[in-house]
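Presented below is the structure to which this report refers.
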Amino acid sequence: MGARSGLAGNARVVREYLGYLRVEKGMRPATCEAYARDLEQFAEQVERRDALLLTAIEDDVKDFMARLRANHVDARSVARKLSCLRGFYRWLLLDKRTKQDPTVNIETPASWKVLPKSLAESEVAEMLDRLGAAARTPQTEGGGRDAAALALRDHAILELLYAGGLRVGEIVALGEEDLHLDQARAQVRGKGDKERIVPLGRRAVEALEEYMKRGRPSLARVRRQRAANWLRAGMGSRALFLSNRGRALTRQWVWEMVRAASVNVDGSGHKASPHMLRHSCATHMVEHGADLRSVQRLLGHADIATTQVYTHVAMEHLKREHREHHPRGKKRAVAGC
């Protein structure tokens, strides 16, 4: 087999796998691009011995991982690339394109468990109360109707991020029809286009009601004026959250808004992110006694193993409570000396 035909064969099978991920698994373009890079790197490894991805052996995978470590790639990234290869070869086996999985005996590299960063309950409450106050009295800051609409929108987004543990991509993808405030819930499309029902608390429902009543109609005025252009451009005219131009918000915009909202007037406080609010939602639920299955369903995790990281968070909370309140806890013992 010539080198040229080998390269073409590898490129073709990778392209077909990516098509499978996009169409049948519903994976997002960014995820597919990351998988493509990982597979291309591995393809380079097997092509050094004039082989194909279809005929790769266990030593190819071992050499690939060794080369990654030699280039100082961290263990978490190596584990992610190995996970990509496992999925690829499972697909090849199911499609009967190969008879062996070269990853089956490869152990996932050990890596430190990185606990998700979250805000304290008091920090979240202060941020939401501050934006809620601004939404109720935006005219005092020199705004008017447009400023009121934007303040109501920002407050509603933050309440929804924290109440439902939504991803930033899920926030910007929400449409008007996905909101069911009479039932205190939202219908969310997550990774792989999987839908789930997210219950909403009273604060989130109130913020969204105010936005739908007084905020969104004002922002939609511009959208109606440009309706013809929007329809030609294929932009989501039914987006729930709109910009001051009446357009659907971008992920980057929501990210920047959350960062700005999390910093106090004097510049103090955490610079939060939408993902940090998602983790805060899950962390605070577990700390208040929620079971992992409920948190898994709320966050839309496909595997309970992803949610189990919050057991470590809950244990840290339990240790703090023990030190603070148990008669023989460390803090009480020191205080009694």
Side-chain angles (χ1 to χ4, degrees), residues 28-31 116-119 123-135 138 143 146-179 181 186-191 193 195-196 198 200-201 203-212 214-220 222-223 230 233 235-264 269-284 298-300:
R28 298 182 183 276
T31 305
K117 294 181 180 179
S118 62
L119 299 171
E123 291 177 310
V124 176
E126 192 276 334
M127 178 171 60
L128 295 177
D129 289 345
R130 180 156 31 87
L131 261 75
D146 289 343
L150 296 176
L152 288 165
R153 178 201 62 193
D154 294 352
H155 181 225
I157 290 174
L158 284 173
E159 289 282 3
L160 187 53
L161 281 169
Y162 180 59
L166 271 65
R167 302 177 179 93
V168 64
E170 295 168 348
I171 283 281
V172 299
L174 281 175
E176 287 182 277
E177 68 279 3
D178 297 322
L179 212 55
L181 296 181
Q187 189 165 334
V188 178
R189 284 176 292 278
K191 290 184 176 180
D193 281 337
E195 293 190 352
R196 68 183 189 279
V198 174
L200 303 174
R203 294 284 186 90
V205 169
E206 291 174 353
L208 286 162
E209 284 177 340
E210 284 298 302
Y211 168 68
M212 294 300 293
R214 300 194 292 121
R216 194 178 184 284
S218 179
L219 297 174
V222 181
R223 187 194 66 193
W230 274 48
M235 301 184 71
S237 61
R238 303 294 291 177
L240 175 61
F241 295 111
L242 302 175
S243 70
N244 57 359
R245 292 186 170 187
R247 296 174 178 266
L249 298 177
T250 65
R251 298 157 61 101
Q252 183 62 31
W253 188 93
V254 175
W255 193 279
E256 293 297 334
M257 184 275 288
V258 174
R259 284 177 63 86
S262 63
V263 178
N264 297 327
H270 284 91
K271 288 188 177 181
S273 67
H275 214 59
M276 193 178 290
L277 284 175
R278 174 174 163 86
H279 287 315
S280 299
C281 166
T283 300
H284 299 163
L298 180 73
L299 298 184

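- Contact record, Ala282 with Leu299: CB-CD1, 3.7 Å, taken as the closest heavy-atom pair.
- Listed by chain and residue number, Glu256 satisfy the side chain to side chain donor-acceptor pair (under 3.5 Å) test with Gln252 (two or more places apart in sequence, or in another chain).
- For the side-chain contact (heavy atoms from CB on, under 4.5 Å) criterion with Leu119, the lone passing option out of Glu126, Met127, His279 is Met127.
- The backbone N or O of Val168 lies less than 3.5 Å from no partner atom in the side chain of Arg278, so there is not a single donor-acceptor pair.
- The shortest heavy-atom contact between Leu219 and Ser243 is CD2-O, 3.7 Å.
- Atom-to-atom distance recorded for Leu249:CG and Ile171:CD1 is 9.5 Å, nearest 0.5 angstrom.
- Residue Ala261 comes nearest to Leu131 through the heavy atom pair CB-CD1, 3.7 Å, listed as atom of the first residue, atom of the second, then distance.
- Between the SG atom in Cys281 and the CE atom in Met276 there is a gap of 14.5 Å [rounded to 0.5 Å].
- One distance of note links CD of Gln187 with CD of Glu195; it measures 4.5 Å at 0.5 Å rounding.
- Contact annotation: the side chain of Trp255 never approaches that of Arg251 to less than 4.5 Å [non-hydrogen atoms, C-beta and beyond].
- A heavy-atom distance below 4.5 Å is found between the side chains of Arg189 and Asp178.
- With rounding to the nearest 0.5 angstrom, the CG atom of Leu179 is 7.0 Å from the CZ atom of Phe241.
- For the pair Ser262 (side chain) and Arg259 (backbone), a donor-acceptor distance under 3.5 Å is present.
- Qualifying salt bridge (charged side-chain N to carboxylate O under 4.0 Å, His left out) partners for Arg196, counting only residues two or more places apart in sequence or in other chains: Glu170.
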Would you be so kind as to tabulate the donor-acceptor pairs closer than 3.5 Å made by side chains of residues 152-166, with sequence neighbours excluded?
residue	atom	partner	partner atom	Å
Arg153	NH1	Leu242	O	2.9
His155	NE2	Glu159	OE2	3.2
Tyr162	OH	His284	ND1	2.7

